[in-house]
Amino acid sequence: MIALKTELKKSIYRILKQKYPIQIDELELSYTPDIKMGDLALSFPFRLAKKLKKNPRIIAEETSPLLSSLNIIKRVDVAGGGYINLFINRKAYFLKRLKTADESSLSADESKVIVEHTSINPNKAAHIGHLRNSCLGDTLARCQKYKGEKVEIQNYIDDTGVQVADVVFGFLEVEKKTLEEIKKIKGKFDYYCWDLYTKTTQFLQNNPEAEERKSEILKNIEDGKHPESDIALYISRRILKDHLRTMQRLGITYDLQVCESDIIKLKFWESAFNLLKAKKAAYFVDKGKHKGCWVMKLKGKTDQEKILVRSNGTVTYVGKDIAYQLWKFGLLQKDFFFIPFIKQNNKTVWITSSVKTSHTVDFGNASSVYNVIDIRQSYPQKVVAQGLKSLKFLRQAEKSIHFSYEMVALSSNSLKELGYKVTEDEKNKGFLEVSGRKGLGIKADDLIDRLNQKAFNEVNKRNPEWSDKKKSETAKNIACGALRYFMLKFARNSLIIFDFEDVLSFEGETGPYLQYTLVRINSIFSKLKNTKNITKEEIISKISAQKLSLDSMPDEELDDFWELVLYASKLDEEVLHSIDTLEFLHLAKFTFNLCQKFNAYYHKYSIIQEENELLRNARILTISYIYKIIKKALDLMGIPQPERM
RNA sequence: ACGCCUGUAGCUCAGCAGGAUAGAGCGAUGGAUUCCUAAUCCAUAGGUCGCCGGUUCGAAUCCGGCCAGGCGUACCA
């Protein structure tokens, strides 16, 4: 629809500009509230009314006859106080859409887009909050690829941070384990560390004197040569693999893992620091509360100083992030080395290295960077962009996009189910934020397991004759679809109050509803194959678009058919809108609405039973078009598509 | 204190690049299965769009003020 709209706008502008004082961007082409009123609506008469001091309705009546010559427009109506409604030539448009359904009408704007998402501290298992991040990031990446962008997905590993140090401390000082003993731990290591992390946090609260030892560990880890850094490396790598495994259960994969330890070892910060010092963007403080620190001033704020280098000489997260951000844009004049880390879907996932390797791969050098990070980090993310701005990398600062989203909190029901004892204060709030430190949260793998189990039961109810393998594969697809749709259906500014009942629902506005719609279409095609012995592809090519006849359709069906097709043709527009606003609920809700419209159509119009061949063929072409669009939309959201369920 | 965000149906949320009659899911009530998978569909009930003012031909949408809630303003990330 995007292509048609731009084409129409140009033509309308060409017609109008000779007689009326109007700009092309004043020509808004929107949709009518009801398809009976027309397909596309023009509201420019309202704008012209002011300039010409004339009644908008009169302007509409005057201009509408001029538009009757428009290509693919069948009829032009004046409606309401001054709208001009356009009726598209249904057959011509549908034939065009059938032919081009596999192509996207969008085009790339960037040389490369980097999407950084997931970025979980490698010291514990992933939880539902992290899932929101990864689902949003992965969907953004998929949509950008569909748009035509070259996309690189990075996962940032803070393997030298405080959180890892906590767990190293826990192993060494609470559990008194050696590296060899840690390596012998069997089972899910991320789960083991989840519990250890909570235990350690408590220990440190009860033994504040131990903080000194923890700081020592942190320094040893940062230093990178001490044996304790080997422990940190082992822990963070092993947990990273657990995280990647969890995400792969949802079809989420990566191109590159970027390690903070390598940023330190390769002295990225020094390079960034030199740049900042040279441009006087960072300066040394010799008195006051920030004495001994290197700081950056925040523009627009009074006296706001953000510390980049602490008085003890260590670099803050923000400092390292500025260096990382510069590298993402290819502005650092330094590069990582890379080694293969694991394989995902037969594709190599790379990891950074500080040691020279023979691999020649090309990462970074993006023209646009999305950092998917929760909303609480808005401030440091602003500082990062400000850092680029201070260095006069204005375009890159503009293209440093913080894709922020609200948190996932736990409903009081969920808390009860987890057996968490709420305090009075927490009770009044009604919900509670997930906290890795407190060990409060729903682990991603536990949730996926639970979804799998529930989906398995449902599949088993409907298809008891299937093999267990088939049942469980289908169940996994349904579970994944349910979870991914759930994570996308909320606006990113909306705090998700997580409740098991909501996420475990497979009816109504859910992923399985969308999957089920596709399954029904599949079923029609397989029935057609059984009765007529022709495959989906054969059917479609046999009833080639040229043979399409809408003449046999009664008026009511023609309207229903058209409403469905017109709505489906908005996919590209919805994808673009989702990317522009970073709100993927637009895509989600569009797909859901399309499925609703299809399900209503499905109920009303039979295909296999229909004896009028022309009518049947028209319906087959209709559903095959809808099928393609729904499939594409689900792909963009990472929702799997089982053949049957 | 300052900054950002939120307030729409009983509940969970869309709509907020101003546009025609404010929508969906869940829940409630009633109905549809000899017929392509009922994980579905149809119908009914349910609204001072937090409050007050302004801009406009037109405001849930933009602006100002107020009320209520969340988050942020660390030598944490």
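In what follows, chains carry the letters A, B, and so on, assigned in the order in which the sequence lines appear, proteins first and then strands, with residues in each chain numbered from 1. Both backbone and side-chain heavy atoms feed into the values below; hydrogens, waters and symmetry mates do not. Everything quoted here is computed from the prediction, not taken from an experiment.
When the side-chain nitrogen and oxygen atoms of Gln381(A) are compared with OP1 and OP2 of A77(B), none of them lie within a distance under 4.0 Å. Under 4.0 angstrom from either OP1 or OP2 of C41(B) there lies at least one side-chain N or O belonging to Tyr513(A). Phosphate proximity of C75(B) to His290(A): present, with a side-chain N or O under 4.0 Å from OP1 or OP2. For Arg47(A) and U56(B), the shortest distance from a side-chain N or O to OP1 or OP2 is not below 4.0 Å.
Pair check for U34(B) finds none; no Watson-Crick or G-U wobble contact set falls under 3.5 Å. Using the Watson-Crick or G-U wobble rule with both distances under 3.5 Å, U73(B) pairs with A1(B). Across all strands shown, A28(B) forms a Watson-Crick or G-U wobble pair with U44(B), both key distances being under 3.5 Å. Nucleotide G7(B) is matched to C67(B) when pairs are restricted to Watson-Crick or G-U wobble geometry with both distances under 3.5 angstrom. For A39(B), there is no paired base (Watson-Crick or G-U wobble, both distances below 3.5 Å). Using Watson-Crick or G-U wobble geometry with both donor-acceptor distances under 3.5 Å, G18(B) finds no partner in any strand shown. In this structure, A60(B) makes no Watson-Crick or G-U wobble pair, since no nucleotide meets both defining distances under 3.5 angstrom. In this structure, C13(B) forms a base pair with G23(B), meeting either the Watson-Crick or the G-U wobble geometry with both donor-acceptor distances under 3.5 Å.
Judged by the 6.0 Å distance and 45° axis criteria, Lys454(A) is positioned over the aromatic ring of Phe506(A). A cation-pi arrangement is present between Lys570(A) and Tyr31(A) under the rule of less than 6.0 angstrom and at most 45 degrees off the ring axis. In this structure, Arg213(A) fails the cation-pi test against Phe169(A), since its NZ or CZ atom is not both closer than 6.0 Å to the six-membered ring centre and inside 45 degrees of the ring normal.
Both Lys589(A) and Ile524(A) sit near RNA chain B, but only Lys589(A) has its closest nucleotide nearer the 5' end. Taking the nucleotide of RNA chain B with the nearest heavy atom to each of Glu507(A) and Ile496(A), the more 5' of the two is matched to Ile496(A).
Distance check on atom C1': G18(B) versus U61(B) gives 6 Å, rounded to whole Å. Across G64(B) and U21(B), the matching P atoms stand 28 Å from one another, rounded to whole Å. Comparing U56(B) with U40(B), their P atoms are spaced 49 Å from each other, to the whole Å. Taking atom P in both C67(B) and C52(B), one finds a spacing of 15 Å when rounded to whole Å. When the C1' atom is compared between G58(B) and C42(B), the two are found 35 Å apart, to the nearest whole Å. Taking atom P in both G10(B) and C16(B), one finds a spacing of 23 Å when rounded to whole Å. The C1' atoms of G25(B) and C62(B) are separated by 30 Å, rounded to the nearest whole Å. Using P as the reference atom, G30(B) and G69(B) are 40 Å apart when rounded to the nearest Å.
Checking U40(B), C76(B), A20(B) against the side-chain heavy atoms of Thr32(A) singles out A20(B) as nearest. The listed nucleotides are A77(B), G15(B), C75(B); the one nearest the side chain of Leu585(A) is G15(B). Side-chain proximity of Ser43(A) to C36(B), G19(B), A39(B): nearest is G19(B). For His586(A), whose side chain is taken as the heavy atoms from C-beta onward, the closest listed nucleotide among C36(B), G72(B), G15(B) is G15(B). Ranking A20(B), A77(B), C71(B) by closeness to the Tyr317(A) side chain, first place goes to A77(B). Which of A14(B), C41(B), C76(B) sits closest to the side chain of Asn599(A) comes down to C41(B). Listed candidates were G19(B), A39(B), U40(B). Nearest to the side chain of Ile478(A) is A39(B). Counting only heavy atoms from C-beta on, Asn493(A) has its side chain closest to U6(B) among U6(B), C41(B), C36(B).
Remark: the Ser378(A) side chain and the C4(B) base include no donor-acceptor N/O pair separated by less than 3.5 Å. Between the base of A39(B) and the side chain of Arg462(A) there is a donor-acceptor pair shorter than 3.5 Å. Between the side chain of Asp374(A) and the base of A77(B), no donor-acceptor pair of N or O atoms lies under 3.5 Å. Taking only distance into account, the side chain of His603(A) never meets the base of A32(B) through a donor-acceptor pair shorter than 3.5 Å.
A salt bridge is defined here as a Lys NZ or Arg NE, NH1 or NH2 lying under 4.0 Å from an Asp or Glu carboxylate O, and Glu458(A) with Lys461(A) meets this definition. The pair Lys291(A)-Asp286(A) fails the salt-bridge criterion, with no side-chain N (NZ, NE, NH1 or NH2) lying under 4.0 Å from an Asp/Glu carboxylate O. Using a cutoff of 4.0 Å between basic side-chain nitrogens and carboxylate oxygens, Asp560(A) and Lys604(A) are scored as salt-bridged. Remark: Lys5(A) does not engage Glu28(A) in a salt bridge, criterion side-chain N to carboxylate O under 4.0 Å.
In this structure, a donor-acceptor pair under 3.5 Å is present between the side chains of Ser400(A) and Gln325(A).
Taking the 5.5 Å centre cut-off and the 30° plane limit, the aromatic side chain of His577(A) is classed as stacked on A17(B). By the criterion of a centre-to-centre distance under 5.5 Å and near-parallel planes under 30°, the ring of Tyr83(A) forms no stack with the base of G19(B).
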